[in-house]
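Residue numbers start from 1 in every chain, and the chains themselves are labelled A, B, ... in the order their sequence lines are given, proteins ahead of strands.
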Number of protein chains: 2
Amino acid sequence: MTPPERKLALKQLGPLPIYARVKAMVADKILCGEWRPNDRVPSETELVQQLGFSRMTINRALRELTAEGLLVRMQGVGTFVAEPKRQSSLLEIQNIADEILARHHQHRSDVMLLEECIADREQSAALNMSLGSTIFHSTIIHYENDVPIQIEDRYVNPAIAPEYLQQDFTLITPNIYLNRLAPLTEGEHIVEAVSASTQQSKWLRLAPHEPCLLICRRTWSKQHNVSYARLLYPGSRHRLKGHFMS
Amino acid sequence: MTPPERKLALKQLGPLPIYARVKAMVADKILCGEWRPNDRVPSETELVQQLGFSRMTINRALRELTAEGLLVRMQGVGTFVAEPKRQSSLLEIQNIADEILARHHQHRSDVMLLEECIADREQSAALNMSLGSTIFHSTIIHYENDVPIQIEDRYVNPAIAPEYLQQDFTLITPNIYLNRLAPLTEGEHIVEAVSASTQQSKWLRLAPHEPCLLICRRTWSKQHNVSYARLLYPGSRHRLKGHFMS
DNA sequence: GAGTGGTCTAGACCACCTG
DNA sequence: AGGTGGTCTAGACCACTCC
């Protein structure tokens with residue numbers, strides 16, 4: 001690709017700021033395997049010439065990718081693709097339907113809500129969108145042998161999954177559906193213990209004051225923020241387990 | 001402090017780059033409590049005038065502090081001190097004292113119990129010892145700035161740490177002590193949400209029915225099972241966070 | 001409209017590494 | 001010496017929020 005074409009391609013990537021588009025381009029080459037670990041990445045000067053943006057902008061893109069662990073930089077030497085990180089089983093994104101089937105139990109889900117909504121502060125922050133954007137929202141109850149085991153509240157970036165509201169989530173979980181559209185490359189979990197609301201208690205058939213495990217999971221596909229899920233489990237019916245070695 | 005003095009103070013901070021010194025100054029004011037959560041931080045323009053550096057430099061400092069979670073910024077509104085987060089990594093075995101010190105807070109612990117006991121079914125299974133073996137047991141409350149944040153119930157294999165009962169665990173955490181004796185090579189976490197007992201509620205100063213996060217952690221050193229810890233956190237005062245890439 | 005943060009530029013100087 | 005990343009500046013334009 002000649003420099004002007006490359007610049008054009010970057011410009012077509014959407015309304016993202018330039019540094020973000022440069023990040024996306026570089027991350028893409030790394031994640032799709034075109035640039036392999038320990039490969040040398042073009043220098044800032046080269047990218048300035050190739051892409052036609054100022055060095056500060058290129059520098060910001062590469063600096064942030066370094067902070068995110070995709071690149072390694074050495075002053076006086078150059079910029080290189082980092083070795084991929086190890087992953088932990090505790091953090092595996094598991095599809096709840098598969099998890100239940102693996103226990104040889106039956107999985108069923110009820111879709112309680114499937115709507116367009118306006119992102120509030122928490123949701124917009126989690127999806128990295130501006131406050132008041134239109135996003136998709138689903139609320140689904142998952143059952144294991146007819147015992148409710150999870151309430152899945154999911155907020156989805158409509159740019160990634162424009163047909164989200166037309167899906168039948170009793171047949172396919174949002175997790176699987178989204179993974180087909182945009183294979184996830186990155187995720188973040190926050191786990192905490194909370195009390196359930198009255199509505200949630202009813203849906204999960206909880207004993208009074210029964211504690212719940214709340215897992216807030218944000219997922220990315222390449223540089224795009226795909227969805228934000230709040231998974232609520234009855235404390236008595238679910239645990240998270242993880243194993244690691246050093 | 002007048003602007004010239006402030007700039008001087010920053011210059012004396014050492015050979016760090018300017019943006020890092022600005023970060024340190026701002027972080028310092030937040031962590032020492034001079035700027036409290038939700039306080040407004042001077043705008044970029046104000047800092048440019050007060051400190052005499054260019055706006056790009058100030059911007060980088062504030063942007064990185066935002067990424068680190070110390071600040072929250074809203075376009076058109078301003079920059080504010082973020083609510084402190086109490087969270088730890090899902091992946092790493094962290095020593096709670098270090099974790100608290102990393103937040104620039106004070107750590108203190110009370111030893112409530114330090115005894116020899118007979119392993120019950122759960123404990124013997126966790127330590128892979130026979131039912132009825134003699135094991136060591138400690139119960140310690142950890143405080144962050146005098147707020148109780150964790151009850152650590154730990155069961156230890158006496159073969160690995162014969163002097164366990166003679167230690168002063170207000171000076172060194174069991175975690176560190178054991179790690180020195182037998183560096184851990186393997187671990188397992190089980191995370192769940194539970195209610196606290198009456199005694200635990202009292203120790204942690206919990207509101208009625210406040211849910212808690214329970215982390216049961218087994219650790220190994222080489223082939224030897226070292227200890228089994230049950231870490232109980234108030235749900236409102238602690239989260240677990242994990243990040244991964246594939 | 002005034003103030004805020006978000007971004008971008010064109011140039012500059014420096015420390016560092018390698019030939 | 002020449003290329004690399006690391007930093008800094010002075011100015012600019014924009015989108016956003018609040019009054």
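Distances shown here put a side-chain N or O of A:Arg73 below 4.0 Å from the OP1 or OP2 atom of D:dG6.
Residues satisfying the salt bridge (Lys or Arg N to Asp or Glu O under 4.0 Å) test with A:Glu192, not counting sequence neighbours, are B:Arg239. Taking A:Ala196 as the reference, A:Gln200, A:Ser201, A:Leu206, A:Cys212, A:Leu232 meet the side-chain contact (heavy atoms from CB on, under 4.5 Å) condition, with sequence neighbours excluded. Residues meeting the side chain to side chain donor-acceptor pair (under 3.5 Å) test with B:Ser54, sequence neighbours left out: B:Thr57. In terms of the salt bridge (Lys or Arg N to Asp or Glu O under 4.0 Å) criterion, A:Glu46 has no residue partners (sequence neighbours excluded). For B:Ser221, the side-chain contact (heavy atoms from CB on, under 4.5 Å) test picks out B:Ala182, B:Pro183, B:Val226, with sequence neighbours left out. With sequence neighbours excluded, the residues forming a side-chain contact (heavy atoms from CB on, under 4.5 Å) with A:Glu64 are A:Tyr19, A:Lys23, A:Arg60, A:Glu68, B:Arg63, listed by chain and number. Listed by chain and residue number, nothing satisfies the side-chain contact (heavy atoms from CB on, under 4.5 Å) test with B:Asp28 (two or more places apart in sequence, or in another chain). With sequence neighbours excluded, the residues that form a ring pair (Phe, Tyr, Trp, His ring centres under 6.0 Å) with A:Tyr233 are A:His238.
Looking at every heavy atom in both residues, A:Pro148 comes nearest to A:Ile141 through CB-CG2, 4.1 Å.
Under the 3.5 Å distance criterion, with hydrogens and angles disregarded, no donor-acceptor pair is assigned to the side chains of B:Tyr143 and B:Gln106.
As a whole-Å value, the separation of B:Leu47 CG from C:dG6 P is 13 Å. In this structure, the CG atom of A:Leu71 is 16 Å from the C1' atom of D:dG6, given to the nearest Å. Counting to the nearest Å, the P atom of C:dA10 and the CD atom of A:Gln49 are 14 Å from each other. The CZ atom of B:Arg40 sits 6 Å away from the P atom of C:dG5 (whole-angstrom rounding).
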Check: protein-nucleotides 7-9 of chain D nitrogen or oxygen pairs below 3.5 Å:
| from | atom 1 | to | atom 2 | distance (Å) |
| --- | --- | --- | --- | --- |
| D:dT7 | OP1 | B:Tyr19 | OH | 3.0 |
| D:dT7 | OP2 | B:Arg60 | NH1 | 3.3 |
| D:dT7 | OP2 | B:Arg60 | NH2 | 3.1 |
| D:dT7 | O4 | A:Arg55 | NH1 | 3.4 |
| D:dC8 | OP1 | B:Ile18 | N | 2.2 |
| D:dC8 | OP2 | B:Tyr19 | N | 3.3 |
| D:dT9 | OP2 | B:Ser54 | N | 2.9 |
| D:dT9 | OP2 | B:Ser54 | OG | 3.2 |
| D:dT9 | OP2 | B:Thr57 | OG1 | 2.7 |

Protein-nucleotides 16-19 of chain C N/O pairs closer than 3.5 Å?
| from | atom 1 | to | atom 2 | distance (Å) |
| --- | --- | --- | --- | --- |
| C:dC16 | O4' | A:Gln75 | OE1 | 3.2 |

Just distance, no hydrogens or angles: give the donor-acceptor pairs under 3.5 Å from side chains in residues 156-166 of chain A, sequence neighbours left out.
| from | atom 1 | to | atom 2 | distance (Å) |
| --- | --- | --- | --- | --- |
| A:Asn157 | OD1 | A:Ala159 | N | 3.0 |
| A:Asn157 | ND2 | A:Asn225 | O | 3.1 |
| A:Tyr164 | OH | A:Ser138 | OG | 2.7 |

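Taken together, the paired segments of DNA chain D that extend over three or more consecutive Watson-Crick or G-U pairs, each closer than 3.5 Å at both contacts, are C:1-18 with D:1-18.
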